[in-house]
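To keep things clear, I will list the structure first and then write my remarks on it.
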2 protein chains.
Amino acid sequence: MQRPSQINSPGTRKGRPVSRQVLADHVYEELLESLMDGRLEPGATVSIDGTARDLDVSPTPVREALARLEHTGMVRRVALKGYRVAPVFTREDFAELMEARLAIEPVNARLACARLTPERLAQLEQAVTDLKTAPRGPSFAEYRDYLEADERFHRLIAEQTGNQFMVAAYAALGGQVQRFRLFGGVGITDAENAIAEHQAVLDALSTGDPEKAAAAMAEHVRKVRGRAIADAPES
Amino acid sequence: MQRPSQINSPGTRKGRPVSRQVLADHVYEELLESLMDGRLEPGATVSIDGTARDLDVSPTPVREALARLEHTGMVRRVALKGYRVAPVFTREDFAELMEARLAIEPVNARLACARLTPERLAQLEQAVTDLKTAPRGPSFAEYRDYLEADERFHRLIAEQTGNQFMVAAYAALGGQVQRFRLFGGVGITDAENAIAEHQAVLDALSTGDPEKAAAAMAEHVRKVRGRAIADAPES
DNA sequence: CATGTTCAGATCCTATAGGGCTGGTACGGA
DNA sequence: TCCGTACCAGCCCTATAGGATCTGAACATG
């Protein structure tokens, strides 16, 4: 019972030191980062007590963080055995993911198109710009910003539908998450093509024609699938 | 530290008393039941310590159960304030849910149709049979079995796609969950119609024509939306 | 009467202790 | 050498204690 007083850096006189942090949130994000960076390899066990020691906290917030994480599909829990990092994506998993994206994302594009505002359009343009300017070095870490912009673009479209359930459905695909892991070992070779397709989706949205937007998104997803399957490892 | 010895009713000589239960799982299901039955009204606060006292457990498993529940949309968490039951469905929420179902469920029907086996078909037939025979009394509790069969029918189709992500997307809609609460105050008046439509979906699946199956499912969802909006309260 | 203060209870959050189980290792006997 | 047993460390799971904050009511003061 010594740390709580250290969390809020004292000295801020009043009005919430920006935001009192809950330790479980911090643990959650820390674990998420480890998972996306590949520091936690698929199949590895995630010990509750162990990570508590590593992060220098008690097991209680770790339990809470893992309970939340489980619902994202990143880790799996076995009743009295603990948590394990979810296994790697197989080619079949990837095909299933693309099938699901093909069912959901064009709908999102159509709905988002119908209620597009200049402000929202600007956000999408920013995402595409970031996509173009993000470094694409050889190591995985250097793709981080690129992948983040990619994910942001798709998530923004989901959010711009204004439909909470479509957002939830998109999130269930692990939009933020699985994609990072998917390419963890593969490498990304289709950046140039993907950027052009994102631009095409953006252009289609700008025209205000929902069907065009849906078609552009569908084509993008199909092409991503095609390219990824082409140079996927045997696995 | 006295209860663990009571959980596994001693006397079973060996081989796991069917399954050692984890308290958090029990709390989870208990809370879920309270939420679906309406005992926990929308907007009510769910105190961690309080429910721990009610269920006669410690706060630790309650925290874990609530962390999982949050991801289903049944409860919302505010960082240092606690959990509250999610607010009631508005008419707009309902419209959004139906829009999302319309995007996802016909696809599920199409995919499920393609890989339908006799065994799976039998499961679906069982669900429709249960739907027909379930009691439909005036009180909410008496609709329990009916709603369970309804949900099971749709979930089976999602699972029969063999696509884990479509299952996840369907689950994100709160398939198991939101529907129970949705009608909590409204009452169900469309059982006869809905049963016929489920039968129609089942028939379409039996023909083995994926497009027929998708169309039947789309029509079902649209009609549910139409009927529910017709006799929905102002709210 | 209005307003500020104090105090008690409730609540969230975290740390710690300890029970029960499992898996592996060392050791002793056949 | 091989096998069984005892032991030990690590893990999951739960309970309990205690600090920090918030709420609301009782109370005091202008």
Side-chain angles (χ1 to χ4, degrees), chain A residues 1-31 40 44-70 75-85, chain B residues 1-31 40 44-70 75-85:
Chain A
M1 215 58 317
Q2 68 280 43
R3 205 171 298 92
S5 46
Q6 301 176 6
I7 286 181
N8 301 342
S9 54
T12 54
R13 242 187 24 81
K14 73 162 258 183
R16 296 297 82 53
V18 176
S19 75
R20 284 182 60 209
Q21 259 285 14
V22 177
L23 230 45
D25 293 344
H26 181 245
V27 174
Y28 181 90
E29 292 177 12
E30 202 71 31
L31 282 173
L40 283 175
T45 71
V46 183
S47 154
I48 294 174
D49 292 349
T51 52
R53 278 194 303 271
D54 290 350
L55 300 180
D56 195 36
V57 297
S58 83
T60 313
V62 176
R63 299 190 74 82
E64 199 172 322
L66 280 170
R68 284 186 230 162
L69 219 43
E70 185 194 3
V75 298
R76 298 205 202 296
R77 167 176 169 270
V78 183
L80 286 156
K81 306 284 284 181
Y83 291 86
R84 307 182 75 83
V85 181
Chain B
M1 221 52 321
Q2 68 278 42
R3 207 170 298 92
S5 44
Q6 301 175 6
I7 286 182
N8 301 343
S9 55
T12 55
R13 240 183 28 80
K14 74 163 257 183
R16 292 299 85 48
V18 176
S19 77
R20 282 182 61 206
Q21 259 286 11
V22 178
L23 229 45
D25 294 345
H26 181 246
V27 174
Y28 181 91
E29 292 178 14
E30 202 72 30
L31 281 173
L40 283 175
T45 73
V46 183
S47 156
I48 294 175
D49 292 350
T51 52
R53 278 193 302 273
D54 291 348
L55 300 181
D56 194 36
V57 298
S58 86
T60 312
V62 176
R63 298 190 76 81
E64 198 173 324
L66 280 170
R68 285 185 230 163
L69 264 178
E70 187 194 1
V75 298
R76 297 204 201 298
R77 164 174 170 272
V78 184
L80 285 156
K81 307 283 285 179
Y83 291 87
R84 305 182 133 276
V85 180

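Throughout, a chain's letter reflects where its sequence line sits, starting with A, and its residues are numbered from 1. Basis for what follows: all heavy atoms, side chains included, without hydrogens, waters or symmetry-related copies.
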Which pairs, protein N/O on one side and nucleotides 9-12 of chain C N/O on the other, fall under 3.5 Å?
{"residue": "dT11(C)", "atom": "OP2", "partner": "Arg53(B)", "partner atom": "NH2", "Å": "3.2"}
{"residue": "dC12(C)", "atom": "OP1", "partner": "Ile48(B)", "partner atom": "N", "Å": "3.2"}
{"residue": "dC12(C)", "atom": "OP2", "partner": "Ile48(B)", "partner atom": "N", "Å": "3.1"}
{"residue": "dC12(C)", "atom": "OP2", "partner": "Asp49(B)", "partner atom": "N", "Å": "3.3"}

Task: 4.5 Å side-chain heavy-atom contact, Thr51(A) and Val27(A) - done: no
- [ ] In whole angstrom, give the distance that lies between atom NE2 of His26(B) and atom P of dC13(D).
- [x] 16 Å
- [ ] Tell me, please, which residues at least two apart from Glu30(B) pass side chain to side chain contact (heavy atoms under 4.5 Å, CB included).
- [x] His26(B), Leu55(B)
Task: Spacing of Leu23(B) atom CG relative to dG19(C) atom C1', expressed in whole Å - done: 14 Å
Task: Protein-nucleotide distance (Arg84(B), atom CZ; dC22(D), atom P), rounded to Å - done: 16 Å
Open item on the list: Does dA15(D) have its OP1 or OP2 closer than 4.0 Å to a side-chain nitrogen or oxygen of Ser58(B)?
Closed with: yes
TODO: Grab the two heavy atoms, one from Ala24(A) and one from Ala65(A), that are nearest each other, plus how far apart they are.
DONE: O-CB, 3.7 Å
Task: Non-neighbouring partners of Asp49(B) that pass salt bridge (Lys or Arg N to Asp or Glu O under 4.0 Å), sequence neighbours left out - done: none
TODO: Return the minimal non-hydrogen interatomic distance between Val62(B) and Ile48(B), and the atom names on each side.
DONE: CG1-O, 3.8 Å
Task: Most 5' of Pro59(A) and Arg77(B) on DNA chain C, judged by nearest nucleotide - done: Arg77(B)
Open item on the list: Measuring only between side-chain heavy atoms, which start at C-beta, is Arg68(A) closer than 4.5 Å to Glu70(B)?
Closed with: yes
